Amino acid sequence: MSQDATLRMFFEEATDLVGDSEAALLRLEAASGEPDPGLVNRIFRNVHTLKGTSAMLGLDRLAAFAHSLEDVLVRMRKGAQAITPGLVDTLLASVDVLRRLLERAREGSGGEPENLESMLATLRALSVGPAARGGGDGSGTILAGGGAGLFGRASDDGGHDPDHAVEAATVRVPIEKVDSLVNLVGELVITQSMIARLVAHLGPDRARELEEAVAQMDRHARELQERVMAVRMLPIRTVFGRFPRLVRDLAHAQGKQVVLEASGEDTELDKSVIEQITDPLTHLLRNAIDHGIEPPEARRAAGKPGVGHLRLRAYQEGGNIHLEVADDGRGLDRDRIARKAEELGLLTADARPSDDEIFGLIWEPGFSTADTVSQVSGRGVGLDVVRRNVETLGGSITVHTERGRGTTFDVRLPLTLVILDGQSLRVGSHTYILPLAAIVESLRPRPGQVSRVFTDAEVVVVRGEAVPMIRLHRVFDIAPATEDPSQGIVVIVEHGGRDVALLVDELGGQQQVVIKSLEANFQKVTGVAGATILSDGGVALILDVPGLVALSRARPGGEPRIVTSQPVVSVASSAGHSQSDGGGRR
Amino acid sequence: MKSTVFVVEDSRTMRALVRNVLEGDGYEVRESADGRAALDLLHSMSPDLVITDINMPEMDGITLVRELRKLPALHRTPVLILTTESDDTVKASARAAGATGWIGKPFHPDQLSQIVARVLGRERPG
C-alpha cells in the first residue's frame, strides 16, 4: 500500500472517529443527569486511536492535540472530572479543532486553527489534577516514540495448522471500481436482451432450449445487476449523523429547545444521491428551526410543550425512498404567504387561491417570508433551490402543513439513478424513452380535441382540463410521421403538480433501461436526461420530464427548439455498437 | 512456509501500517478489528505470532491475551501488545496476562521488524 493510500485511509478513518465522538458527546449531553460511562469510553477510544495513528504518520500537531484531549477524557473516565454542560461545550469545540486540523493536514496547508493554542490551554487546565499524566504537556511524551521490548520470558511456538481465511466485515472499494462494474453489468443486460431478441427470430428446432438458456441468463444478469448496484448503496446514516450537532447549535443560537428524532437510518441510497441530498436536507432542517419551531414561551402560550420536536425519517416505498422532515412548529402562515405573494406580484389582490395554490408559492424563486434574516437562513438560498436539487436527482418534494401543528416536507427519491423503468416512444424514425413513473395517461386525441389558444400555443382538452401540448418533433427538430394530432398519440406527463401533453407518433414497449449520462461527452441538454442503448443496438434519448415541463412553462405552447448542428451519433459504450442511426439531435 | 502474524487492532490505518511492514518482511498477515472477533477466529487457526492493540471496543487486548492463554493451541504462541501507554501499569498487566513483549506507538517500521524477527527467530526461522 502506498503512503498516499495509507494517508487516504487515515483521513477516512479519522473523519469517522471525529464524527462518532461528536455523536457520542451529543448523547452524553442529552443524558446529562446520568452520564453513560460507555459513551465516555467510546470517545476516549476514538481520540486514543486518532492520537496513535496520527503520531505514526507524523501528523504531530494533530497527535499533540488529541493527546491533550485524551488527558481530559482519562479524568472523565476515572470520574475525576464532572460532566458539566460547560465541559461538553469545550469537548465539542475540541472536536471542531480536530476536524480543522484534519482538514489542514489533508490539504497540506500550513497554519493552524486560530483557536488551537487557547483550546490547548483550556484542555491542559482541565487535565491538571492528581490524575494527570506527564505533567500536562502532552506533546513531548507522545511524540517521543515508544520503542519495543520483550518481557524476558521464553515462549515456545504454538501449533502449526493450515491457514484459515479471515473474513473482513467490510471492504472499502474505490468508487471508480464499482462504477466500472455497474457499467459492465449494464452492458451485460443489454447484450442479454439483444440475444433474447435474436432468439425470438430463430427457427423452431433449437429455439426452445436456447430460449430457456437465455431466460436463465436473464435472471442471473438481473440478479448480478441488483447485487452490483447494492455495492454503491450507503445507509442514510452517513447524512443523518451530522444533523444532531447542526440542530443543537442552531437551536442554542436562537434560544429554542429542539429535540431531533431520526429514524430509518439504515435505509440505503445510491452514493451519488447521498452526496447530493445532504444540502437540501440541511436546508429543510434549518428552515424548520428558523421558521417552524417557535421559542419555548410562544409554544407554551399555544398550549404546546416548550421543547420542539423535529422528526427526520427515511423509508422505502416501492421504487422510491422517502425522506421526511417534520416539525411540530407553527405551520405555514397562509396570510403571510399571500401578502408576500402580492408584494412579489405572484398573486393579484382580488385572487381567491386555494390552500394548495398558496402553499405552492413557497417553491417560487426568491420567495421567503422570513421577516428577519438570521445567521443561517436568508442567504438567498430558498426552497426553490431545494426543489431544483431534488428534481435534479429525479425526485420530487411535497409539503403538508397544519396551522399551529407543524409542517412536513416529504422528499421522494428514486431508488437508483442508473436504471429506469421506461416507456419507449416513436417520433419519425427516432425512439425516445420516457420514465414510466412520470406518465399519467396516453390517448389518441379526437379531431378538435386539440386547440390553439394563443398565437402558437396548443392545448389538448382532457375531461374539461386544458393541458398544454408540446410537439416533441418540434423540440428535437425532426420529421414526424404525422403532423395531425388525431393521427398520433399524446402522452400526458406530470411533474411538480403540472401536466404537460407530449405529442408523439406512437408508443413502443416498456423496458428497463440503463441510463448513460450524456454530460460526460456533451454539455447538458434541457429536456434530455441521458441516453440508453436499446436491445436492437440503437441509441435512444431519455426524456427529462422536469426539463420538458419547465420548457412548456417558459413559453406556453410554443415548443422552444433544442437546436444544434451535430446529431448524437455515439454514446460511450464498450458493447461494440456505439454507432447507430442516432437517437435524435441534441 | 511463511510465518503468519495475526494483528488485532481497531484502527484500520494502524492495521494497514503494521501489515505494510510485516508483509514487506515476508510474513503472512491476518487481521481482526476487535479482541472478541479475534478470539473467535483464533479458535480455528494458529498463527506464529499475535500482535494486539490494548484499547478496543468489544474486548480489550489484555483480556484477549488472558483468553488466548486458555486455548491449548495458543497456549505458547508469542503475543506482542501495541500500546501508547507510557504508563508501566499497562505493560505490567499485559505481562501478568501472559504477553511476550510490547511495541510502543508510535513506532518506527524498523523497530517493528526487529522485534517480530527476534520473537519469531527465537522460536524458529521466519
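Below, chain A is the first sequence line, B the second, and so on; all start at residue 1. If you're wondering where the values come from, they're calculated on a predicted model, not measured in any experiment.
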Between B:D53 and chain A, with a heavy-atom cut-off of 4.5 Å, which part of the residue counts as in contact: side chain, backbone, both or neither?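 Neither part; nothing is under 4.5 Å.
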
Against chain A, label B:L80 side chain, backbone, both or neither, depending on which of its atoms sit under 4.5 Å from a heavy atom there.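 Contact with chain A is through the side chain of B:L80 alone.
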
Side-chain donor-acceptor pairs under 3.5 Å in residues 61-68 of chain B, sequence neighbours left out?
unit_1	atom_1	unit_2	atom_2	d
B:T63	OG1	B:D60	OD1	3.1
B:T63	OG1	B:D60	OD2	3.0
B:E67	OE2	B:K70	NZ	3.1

Greater than 12 external heavy atoms within 6.0 Å of A:R245's CZ: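 Result for CZ/A:R245: enclosed.
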
I'd like to know if A:R8 and A:E12 make a salt bridge, using a cut-off of under 4.0 Å between side-chain N and carboxylate O.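 Looking at A:R8 and A:E12, the cut-off is not met.
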
For A:T53, is it the side chain, the backbone, both, or neither that has a heavy atom closer than 4.5 Å to a heavy atom of chain B?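 Both parts, heavy atoms under 4.5 Å.
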
Please classify the contact of A:L57 with chain B as side chain, backbone, both or neither, using a heavy-atom distance under 4.5 Å.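 Looking at A:L57, just its side chain touches chain B.
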
Taking side-chain hydrogen bond (donor to acceptor under 3.5 Å, both in side chains) as the definition, give me every residue that meets it alongside A:R106, ordered by chain and number, with sequence neighbours left out.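 If we apply the side-chain hydrogen bond (donor to acceptor under 3.5 Å, both in side chains) test to A:R106, skipping adjacent residues, there are no hits.
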
